[in-house]
Structures are given as structure tokens and as C-alpha cells.
Amino acid sequence: MEGAPKISPYRLSFLLRLEKNPSLALELFRNPRATAPATPPKPFRYSARSYDLIICKLGRARMFAEMEDVLHQMSVETRFTPKEALFCHVISFYGRARLPVPALHAFERIASFRCRRTIRSFNSLLHAMINCGDLERVQSLWQDLDEREFVPDACTYNVLIHAATLSGSLGKAWDLFDEMRRKRIRPSVATFGTLVSALCGNSKLDEAFRLKKEMIKLYGVKPNVYIYTSLIKGLCNTNMLDLALKLKQKIILDKDIKLDSAMYSTLIRALFRDGRKGEVVGFLEEMKEKGIKPDTVTYNAMIAGFCEDEKDFDAAFEVLNEMARNGCKPDVMSYNTIIAGFCKERRWRHASELFEDMPRRGCRPDLVTYRTLFEGMCDAGELKDAGLLLDEMVFKGYAPGAVSVRKFVEGVSGEGAGDRVGPALCSLAKLNAAGVEVWEKEIRGLLNQSELLKVVKFMDRLRMD
DNA sequence: TTAGGGTTAG
């Protein structure tokens, strides 16, 4: 047998870049030699680049245990120092997966890799906390900034401004904007993007357009396609679709601005809402001419239009087929939209069929899927199936919305309801024992005294668990 | 590329 073919560290990076499957990439990374050599070889000299590639591939695929293994392996390498950017990525992978503790842990460990930590990874951490929905943590990290060695930059303020707008406080966003200028930190196009989007989202179109003018005149920052997409969405949401279309025509003439699928997705959704489905084809053709490929969001906008506005479910399914033909994978939102559409039409059986079919189609139902279908079943009075679905939900760790719980309990209340509601509440409370009082409040008044007693007994049993 | 826009539900 011939010796193992030699693979250079450079070649390994090349192969890793090509390998789309993260598990296979990891296999390749762990065994860079094609076959096991007879004698123990010298340790493979992994390049910093191949660590970057494999860590990012694993992080994107949310294979965190494997990613941590490789990080650990990298921590004992002495031939190079990893770049801070890699840790920024790791932090944001955890943020996207809504895992605040590992994100924080990754940030704290940067120095142990002999890598200098700067405001960049701090910014990544702030942003990860936004993704985790933990706005309070953003606040506390920001307050502790003085104790750290960092000086905030434009990006720090952009994240903070974003957090302020998410918490619904435009006033706070403006305060931060002022503070930024006092500190002579120049606002970037992203700063204005966040503010314009927040203004549009609060129906303050006039202010949004004024800010767009100011950013050019006062700050010398040119609006980009992000800014215009927010403005177009704002116009669409205030029944000014024609103005939105005019604005788009104006931007087309600007050679510096490259339109993208996001802008078209916004317009396509708005056309459906306005009952102008017929014009959508023309927009799809325009995209094609400009070399802009429709993405999942574009298709989802069409699915939403067909389900919500046209009630044309065959057409919605045809969009799914079209996606497959164009190599675009439907995501959980694609399915949730159709399921919600069916439920609204009380066609819960159709909704249920699609739900059952999701795993085969390569998509895992999420919290929204379960909540939507559960509510649909409750609305249709299909309480038996709703109960079964509830069990499955709870098993997966998903809690239904309070409104649908109420509908469910209302629906099954009556003679012997305690027996039927009890187990369901029991499983609900398992999710979150602290929430027991909430459920108790929810059913009080709906059940008669003896039934309530049965439910409370179930809860008592729970508390002892 | 550390930050901003677009499509569900609630």
C-alpha cells in the first residue's frame, strides 16, 4: 500500500472552502491525510486559515460542540495567533442561536488564545445580546464599559441605537445619536439606516425623509439601498404604494445604488396587499433583467400574498415548487405563512397536513408553527387534536400563546373538564413551574368549583415534582 | 464585515 498522499495546509484550506457539508468538512479537517499512515506521522501543521474556515462552517451549522472542540485544539497551537475577527464570528454564531451564556463565555476567553481583545469583539457581544433578545444585558454591558479597556466607536453606538429602537424608545435612540456627536464619533450610513428604519416603523415618514436629506447635507453620508428600502416600506405601509414605486424608479437612475432582492420583496408584498397581483410578474422580470435573483424572502413575500390576500393556496404551493426549481430552499417562515393562511380559513386539516409534511421537506417546525396550528385547531373547535398537539409542543419545550390556552380551556370546559384540562395544564406547567399562577388565573372562572379543584390538584402534584 | 433594510405569527 502506498503512503498517504501529502496534503499541504494550503490545500486543506482549499478543500475546506469547497466542502459545503459541515460534517464532511470536519471529517476532512480531522483527517487531512487521505489514508491512515502505517507509522504515526508528524502532527499536521494546520494553518490559521483552515481553523477559520472549519470554525465558521461549524458555527453556521450550529454544531457548537464540534466547534468548541476545534477551538480548544486551536488554543494549544503556538505557531500563530488567531485573529479577533474569528472570535467576533463565534460570538455572533452564539447570538444567532440565542445562546447568551456561551456568547459571553467566548468573549471572556479571547485572551486565553493570546489574542488581544478590542472594542470589536465587545461590539459583537452587544449585538449577540440583541439577537438573544436580552436588551437589559446590552444595557448592563454598556454601563460596565468604563471598567473595561475599550473606547466605544460608531459601531458600538449603532448597536446601542438599534437596541433603543427595539425597546420602542426613539427618544433614547436620539439621545445616543446626540451623545455620539458630542464625542465626535462620526455617524455612519448604518447609524442613519437604523434611525430611518425606526422612524418609518413608527409612521414618522416626514422625519425619515428629512433625516435622509440631512445625512447628505449635514454629515456628507450618502443614502444606500438599505435607507431607501426602509423609506419604500414606510410609504407602502401608509398607503402610498405609487409614491414608493416612483421612488424606486428614481433610485434606478442612480448609478451608485445597486438595487437588491430586499427592495423588490418589499414592493412585491405591497403590490399583493393593494390587490395588484398582476403587476408582480413584471417586477420579477425586471429583477431578472437586472441580474437580481429572488431569494427566500422574495418568495415568502409572494407566498404571503397568495395566502393572505388572494386565498390562493394552490398558487402558494406553486411558489414552493418554483423555489425548488430555482435552487432556493423554503424556510420555516414559508411554511408558517401557508399554515397560518389555512388556519385563518378554518382549513386546519390542510394546515395539519403541511405541518406533518415539514420534516420530510427538510424543515423543522418552530415555536410559531406550533402556536399557529394550535390556535387554528382551537378556533376550529378541534380540541382533541389540539390536545395531542399541545402534548407534542410541551415535549419539545414550546409553550402556546396565552390567548390560545384560553381558547383551549374555554373549549374543553364543561362537565369533566378538570380531567381533560388538568393533564394539559400539568404538561404546560412542566415547561415553567413559575408560570403555574398564570395558567391558574387563565382558567379561573371558566371551570366550576369541583373542576377547578381537580386542576389545582394536578398543579399541587407538579409543585412537588 | 463589528453595525443598518426586506418576507410569517403574536
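So that the names make sense, note that chain A is the first sequence line, chain B the second, and so on, each numbered from 1. Note: hydrogens, waters and symmetry copies are ignored here, and every other heavy atom, side chains too, is used.
Across all strands shown, A:Thr337 has heavy atoms under 4.0 Å from sugar-phosphate atoms exclusively, and none from any base.
When ring centroids are compared, A:Phe374 and A:Trp348 stay outside the 6.0 Å threshold.
In this structure, A:Arg346 does not pair ionically with A:Glu382, as no charged nitrogen and carboxylate oxygen lie closer than 4.0 Å.
If you measure from atom CD of A:Glu308 to atom P of B:dA9, you get 4 Å, rounded to the nearest angstrom. If you measure from atom CE of A:Met263 to atom C1' of B:dG4, you get 14 Å, rounded to the nearest angstrom. Per the geometry, CG belonging to A:Leu160 stands 13 Å off C1' belonging to B:dT2, to the nearest Å. One can place CZ of A:Arg116 at 16 Å from P of B:dT2, the figure rounded to the nearest angstrom. Between A:Met180 atom CE and B:dG4 atom P the separation is 13 Å, expressed in whole Å. Atoms CG (A:Asn336) and C1' (B:dG10) sit 12 Å apart, rounded to a whole Å.
The phosphate of B:dG4 has OP1 or OP2 within less than 4.0 Å of a side-chain N or O from A:His162. Here A:His127 reaches the OP1 or OP2 of B:dA3: one of its side-chain N or O atoms lies under 4.0 Å away. For the OP1/OP2 pair of B:dT8 and a distance below 4.0 Å, the side-chain nitrogens and oxygens of A:Arg371 include no atom meeting the criterion.
The main-chain N or O of A:Met358 is never found under 3.5 Å from a side-chain atom of A:Arg364 such that the two would form a donor-acceptor pair.
At a cut-off of 3.5 Å, with distance as the only test, a side-chain donor of A:Asp366 or A:Asn336 sits close to an acceptor on the other residue.
Side-chain atoms of A:Asn224 and base atoms of B:dG4 include a donor and an acceptor less than 3.5 Å apart. The base of B:dG5 has none of its N or O atoms less than 3.5 Å from a complementary donor or acceptor on the side chain of A:Thr194.
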